[in-house]
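So that the names make sense, note that chain A is the first sequence line, chain B the second, and so on, each numbered from 1.
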There are 2 protein chains.
Amino acid sequence: MDNPLPAAARALRAAGHRLTRARLAVLQVLEAEHAGLSPQELYERGRAIYAPLGLVTVYRTLALLDELGLVRRVHSDQERHAYACAGADRHHLLCSGCHRLVEFPCQGLDELVASVQARTGYRITEHLLELTGLCPACQATGGPADPTPHHPAPRGA
Amino acid sequence: MDNPLPAAARALRAAGHRLTRARLAVLQVLEAEHAGLSPQELYERGRAIYAPLGLVTVYRTLALLDELGLVRRVHSDQERHAYACAGADRHHLLCSGCHRLVEFPCQGLDELVASVQARTGYRITEHLLELTGLCPACQATGGPADPTPHHPAPRGA
DNA sequence: GCATAACTGAAAACGGTTGTCAACAAGGGG
DNA sequence: CCCCTTGTTGACAACCGTTTTCAGTTATGC
Ligand SMILES: [Mn+2]
Ligand SMILES: [Mn+2]
Ligand SMILES: [Zn+2]
Ligand SMILES: [Zn+2]
C-alpha cells in the first residue's frame, strides 16, 4: 500500500497546507475515479479508506482543492454539483442518459477565447466547457436508460 | 401598455402552455435585463409588474422555459444559479470583478464539437460555454468598477 | 358564460451546503 | 523523540435555495 503521493498532494504541501489523512483519502478517491463525483459520493468512498472522515471535511477539502485549481466543479443539471480532477485543456462530457461524466482533451478553444477577448476587451482568465449528449452505450440501448432523467421528455411522442 | 408579445410568449403558447400573468411578468423581466438574474431577483422585479407573483411560480416558470430552451441556466461560482435568455450560438462572459454577465456570439465551436463527437462516439446535443475574466471597466479600475450591480448584498438591504 | 384542466401562491418540507466550536493531529523546533 | 503551535477535523445544527403539497384561481376552448 505504498502509493506514490499524488501530484495534488505535493501541490497542497507546496501551497503551505497540511497533508492530513482526510485530505489524502479524498485525493485518493478523486484520483481513482477519473470523473465527476458528488461530495456525498466522495464521502462514502473516502470512508472506505479513512473511516473517521467527515462529510464536512470533504466539502472543505474540495473548496481548498478548487481554490488551488486542482479540482474542477462540474455543473450538471442535477441538484448536486460534482467535482473532478482538473487539468489543462481537459473539459467534461456529460451523458444525458446515464449521467456518467468523462473528460476529454480539447484543443482549438484557445483560439476561440482569444477571438472573444479581442472582440470584447475582456481579459479572460477561465473557461468552462461542458458538452452534453448520449454516450455510445446509451445510444445502443436506445436512449436514456436512466432512473433520473433531467429534462422530462425528449420530444418525439 | 400594449407591448408586443415577446417571442418567448408565443413559443410558450405554441408548446401548449397557458399564457398567464405570472409567466408574462417573468418573461418581461427576463427580456428587459439582457443578462443573468437569480430566481430571487426575478421574483422581486416581477412583482413590480405583477404584484401577486409568487417566488415558487418563478422557479416553475424558469424550469418550463429551460425545458423549452428559451432560457439558460448560468453556473457562476456563487451559490445561486442565474438564468438568462437563451439563443443559438450565444454564450456567457462573466466578469469576476463586477459579476456582470454578458452574452457573446460564438462561432467556431461547432467544429470543436464535431471533432469531439467523432473522437468519442458521443452524440452531442448541448453545450455549455462560459468564459470568466475582467471586463474592460474592471481592468481600468483594478477591481469592481461598479459596486456589484447584479449581486446586491443578500441580506437586510 | 361554463366547464375543466392547467396553473398559482402560501406554507411547509426537503436536502445540499456552511457555520460553530471543542477536540485533535501535522509538522516544525527544541 | 517529544512538545507546541496552530491548522484542521468531525459532530451537530443552522442556513437557505429549491421542491413539494394542496386548496383556490384562472386561462382557454366550447
Ligand atoms: Mn451549478
Ligand atoms: Mn454555440
Ligand atoms: Zn450514457
Ligand atoms: Zn467587471
From A:L93 CG over to B:Q117 CD, what is the distance, rounded to the nearest 0.5 angstrom?
9.5 Å
Is a side-chain donor or acceptor of A:T120 paired with a backbone partner of A:V116 at a separation under 3.5 angstrom?
yes
Nucleotide N/O of nucleotides 10-16 of chain C paired with protein N/O under 3.5 Å:
none

Starting at atom CG of B:L24, determine the distance to atom P of D:dT26, rounded to an integer number of angstrom.
15 Å
Please check the phosphate of C:dT8 (OP1 and OP2 only) for any side-chain N or O of B:R23 closer than 4.0 Å.
yes
Taking five pairs at each end, how big is the angle between the two axes of the helix from C:dG1-D:dC30 to C:dG30-D:dC1, to 10°?
40°
Verify side-chain contact (heavy atoms from CB on, under 4.5 Å) between B:L131 and B:F104, making sure each step is shown before the conclusion.
CA-CA 10 Å; B:L131 305 183; B:F104 66 90; 3.7 Å; yes
Heavy-atom side-chain proximity of B:L112 to B:L109 below 4.5 angstrom
yes
Do the side chains of A:R45 and A:E33 get close enough for a salt bridge, i.e. N-O under 4.0 angstrom?
yes
Hey, does A:V74 have a side-chain heavy atom less than 4.5 Å from the side chain of A:L101?
yes
Just the rounded figure in Å: distance from P of C:dA6 to CD of B:E67.
14 Å
Out of curiosity, B:L24 CG to B:E31 CD, how far, rounded to the nearest 0.5 Å?
10.5 Å
A:R73 CZ - C:dT17 C1' separation (whole Å):
9 Å
Would you kindly give the CG-to-P distance between B:D66 and D:dT18, to the nearest whole Å?
13 Å
Pair B:H127 + A:H92: ring centers closer than 6.0 Å:
no
Heavy-atom distance under 4.5 Å between the side chains of B:R23 and B:R21, does that happen here?
no
Strictly under 4.0 angstrom, non-hydrogen atoms only: write out the protein contact profile of nucleotides 24-30 of chain C, one letter per nucleotide from the 5' end, B, S or -.
-BBSS--
Within the 4.5 Å heavy-atom criterion, are B:L27 and B:L65 side-chain neighbours or not?
yes
What's the separation between atom SG in A:C85 and atom CZ in A:R72, rounded to the nearest 0.5 Å?
12.0 Å
